[in-house]
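Notes for the one structure printed next.
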Amino acid sequence: MSSTIKRNKLMDNYGWVQNTSNLSTIRDTIDLVPDHGIRHLELRERIREYRCANNDLPKYWSWDARCRIKAIHACGLVKLNRHIQGYELTDLGQQLKSCPKATDHLRGKRILTTEEIDIFCNGLLTNPPVIRVLELLNRERRTTNIGLTKYEIGEQLGFVGDPGFTHLDPVWIASSGYSFHNKEGDADKWARTILSWLRQVGWAYLAEERATICGKTLSRYKATSEIDNILRYNVKRVERNVPSEMLCSEKHPFPKLIQKRRVVILGFLLRKAQRKEEALILELVNELRDNGIEADDNLVLFEIISLRQAGFHIHQLGPYLKLDDKVCLDVNPELLSNITEESETEIEKLIEKLVVQYEDTIPAKLVDGLVRYGYDGSEGINFEITVAQFFRYLGYKTEYFGQGRGRTADVIARYINKIYARSYGIIIDSKATSDKYTFPAGDIRKMKEYIDLHGRELLKDSIPLHAFAFVSSCFCEDVASPLKEISEDTGIKGTAIEVLKLLEFGCLLTKGKLYIENMYPAYITNSTFDVGNL
């Protein structure tokens, strides 16, 4: 028993679920929780025994059991009991456990009763990520109304820069020959699971028209019109269940630091809201510093962006912030009592600064990806994918080649105009580097080959104007010489684009201060890319 007690402890992450997508399975799991509560390992063992009895024990049963436990917590049916390192039923959990089950099945899963659905409807609203997905679906319903894919939701779901909240580009997935069914980032998986829940309670449904990406089709989802009133009224009445373990994934390089500063921010905003007061950003900066956390205005604003993407409603008016949610903040006492030795890298600080700077113009995950991967020489493939995504976001028709496609460029970005002579294409080589990129001879030779190969392809596509571009975090001082050599041997001019300049360019395009139809001259300077004179 003593060894079991030592091993028994709560998990490192709650609130986010990427499995256990069927609500009847979650109902079956809540039935295993006794009225007096249960420790974590004991519940895990009960789940194992239950699945053995049903001849349904998977190979990785412990992972599956953890997912089921996270699911009953994310649906508001249990709360953490830190005293026993386990779980106790909430009022909703008691109600669900007490209500009768139907016996009818569909495709091997039990159909929920109306009473069970009503309880799940209330339980789902205790989970901030569910609210985030509902809002994304509802916003799309009121604009284009064609529906969203799991990837489009995953791109906007979760904490910025957290490696536990990865998102994959569906164009890259399709063009690389992978399947949409089994190739997803963590955020995409969470989106998929939440969408399944929403469909089962009648808040979302499959759109008739599927998305077509590189010849492959992908499901779109729509919100019902009922969601408008649910978000307007019901959501405001329900208290969110927020343990500190949901505020950062265990995959983060410094999770305790991030959890602590988000706990401090939410706790301060919650206390202010309870007194019907707003909080100054400066007050939050001082509160973080009082808790031993290095902070400034930018860090606070970055965390507000991250918390919003996780489903928290934090209103900002000038220097004032206000938490609009009812929140039950369940904090691991060790988090605040221990002084963490974790600290941020300069790259993390740069990402935070740029995410805030471009909040209104460039998606946070694109900003994060360009900087995180572009400044890391070991992240070449991820950088290529992100560069392709970014040029697509700018409005170019992009084609990603990447690894395993022979001697091809990483990305081809096309601007196609009705007037033949105005169309142009950019042949792009992405270079992730932890230091300055110096144009090795081999890369210069490859670019010449890329221009020869893709130049002929572009001409076949009726695109007469061509340029080449190297994209990297930073370049050596002598950029002109290698670019001039490539240009003289191929007859095509090019440029070298630093990540920070690319972000600046994206911002100006989004604001309508620049237009891609006029950008061809910027790509053929045989020098560093600069939009300042356009």
Side-chain angles (χ1 to χ4, degrees), residues 13-18 21 70-71 73-76 120-143 147-162 164-167 184-201 203-204 220-224 226-243 245-249 258 262 265-266 269 302-316 321 323-329 355 359 363-366 368:
N13 185 260
Y14 290 91
W16 304 89
V17 186
Q18 53 181 244
S21 58
K70 286 183 180 182
H73 178 269
C75 290
F120 272 114
C121 283
N122 289 319
L124 289 174
L125 297 182
T126 68
N127 183 255
V130 169
I131 305 300
R132 174 65 173 169
V133 174
L134 280 174
E135 289 177 331
L136 292 173
L137 287 172
N138 197 49
R139 184 191 306 163
E140 195 281 334
R141 180 186 69 84
R142 300 175 70 176
T143 52
L148 293 174
T149 69
K150 61 184 176 181
Y151 296 104
E152 289 171 319
I153 293 173
E155 185 180 17
Q156 304 173 77
L157 179 65
F159 300 116
V160 184
D162 190 321
F165 291 79
T166 53
H167 159 70
E184 305 157 300
D186 293 299
D188 308 320
K189 293 176 184 177
W190 283 314
R192 178 198 64 200
T193 299
I194 292 171
L195 286 165
S196 176
W197 293 347
L198 297 181
R199 289 181 63 198
Q200 290 169 74
V201 299
W203 286 350
R220 286 193 178 110
Y221 301 84
K222 290 185 175 183
T224 62
E226 176 189 7
I227 297 306
D228 215 26
N229 283 332
I230 288 171
L231 291 172
R232 189 175 301 172
Y233 303 112
N234 302 43
V235 164
K236 294 180 179 179
R237 295 195 293 263
V238 177
E239 187 176 62
R240 309 292 181 273
N241 178 22
V242 183
E245 289 86 350
M246 84 162 289
L247 297 176
C248 179
S249 81
I258 302 300
R262 288 174 183 161
I265 289 172
L266 280 175
L269 290 175
F302 171 79
E303 290 297 9
I304 298 304
I305 293 170
S306 272
L307 288 167
R308 284 175 179 156
Q309 288 205 172
F312 294 91
H313 298 121
I314 302 173
H315 179 71
Q316 181 179 354
L321 297 168
L323 178 65
D324 291 330
D325 296 328
K326 294 180 179 178
V327 173
C328 177
L329 190 58
V355 165
E359 176 188 6
K365 285 190 178 180
L366 274 181
D368 173 73

Between [Y] and [X], is there a salt bridge with N-O shorter than 4.0 Å?
| X | Y | result |
| --- | --- | --- |
| Arg142 | Asp228 | yes |
| Asp325 | Arg240 | yes |
| Arg308 | Glu359 | yes |

Roughly how far, to the nearest 0.5 Å, is the [atom2] atom of [Y] from the [atom1] atom of [X]?
| X | Y | atom1 | atom2 | result |
| --- | --- | --- | --- | --- |
| Glu226 | Leu231 | CD | CG | 10.5 Å |
| Asn127 | His73 | CG | NE2 | 9.0 Å |
| Gln156 | His167 | CD | NE2 | 9.0 Å |

[Y] side chain reached by [X] side chain, heavy atoms, under 4.5 Å:
| X | Y | result |
| --- | --- | --- |
| Leu134 | Leu125 | yes |
| Ile265 | Glu303 | yes |
| Leu124 | Ile194 | no |
| Trp203 | Cys121 | yes |

CA sep, side-chain torsions, deciding dist, call: Val242, Phe312, side chain to side chain contact (heavy atoms under 4.5 Å, CB included): CA-CA 10 Å; Val242 183; Phe312 294 91; 3.7 Å; yes
Residue pair Leu195, Leu148: steps toward the side chain to side chain contact (heavy atoms under 4.5 Å, CB included) verdict: CA-CA 10 Å; Leu195 286 165; Leu148 293 174; over 6 Å; no
Main-chain N/O of Arg139 paired to Thr143 side chain as donor or acceptor, under 3.5 Å: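 Such a contact is found between Thr143 side chain and Arg139 backbone.
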Check: Gly185 main-chain N/O paired with Asp188 side-chain donor or acceptor under 3.5 Å: yes
Derivation and outcome, side chain to side chain contact (heavy atoms under 4.5 Å, CB included), residues Leu136 and Glu140: CA-CA 6 Å; Leu136 292 173; Glu140 195 281 334; over 6 Å; no
Stacked cation flag Arg262 on Phe159, 6.0 angstrom / 45 deg: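 Yes; both conditions hold, so Arg262 lies above the ring face of Phe159.
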Between Asp162 and Ser249: side-chain donor-acceptor atoms closer than 3.5 Å: yes
Name of the residue among Leu157, Thr193, Asp186 meeting side-chain contact (heavy atoms from CB on, under 4.5 Å) with Trp16: Leu157
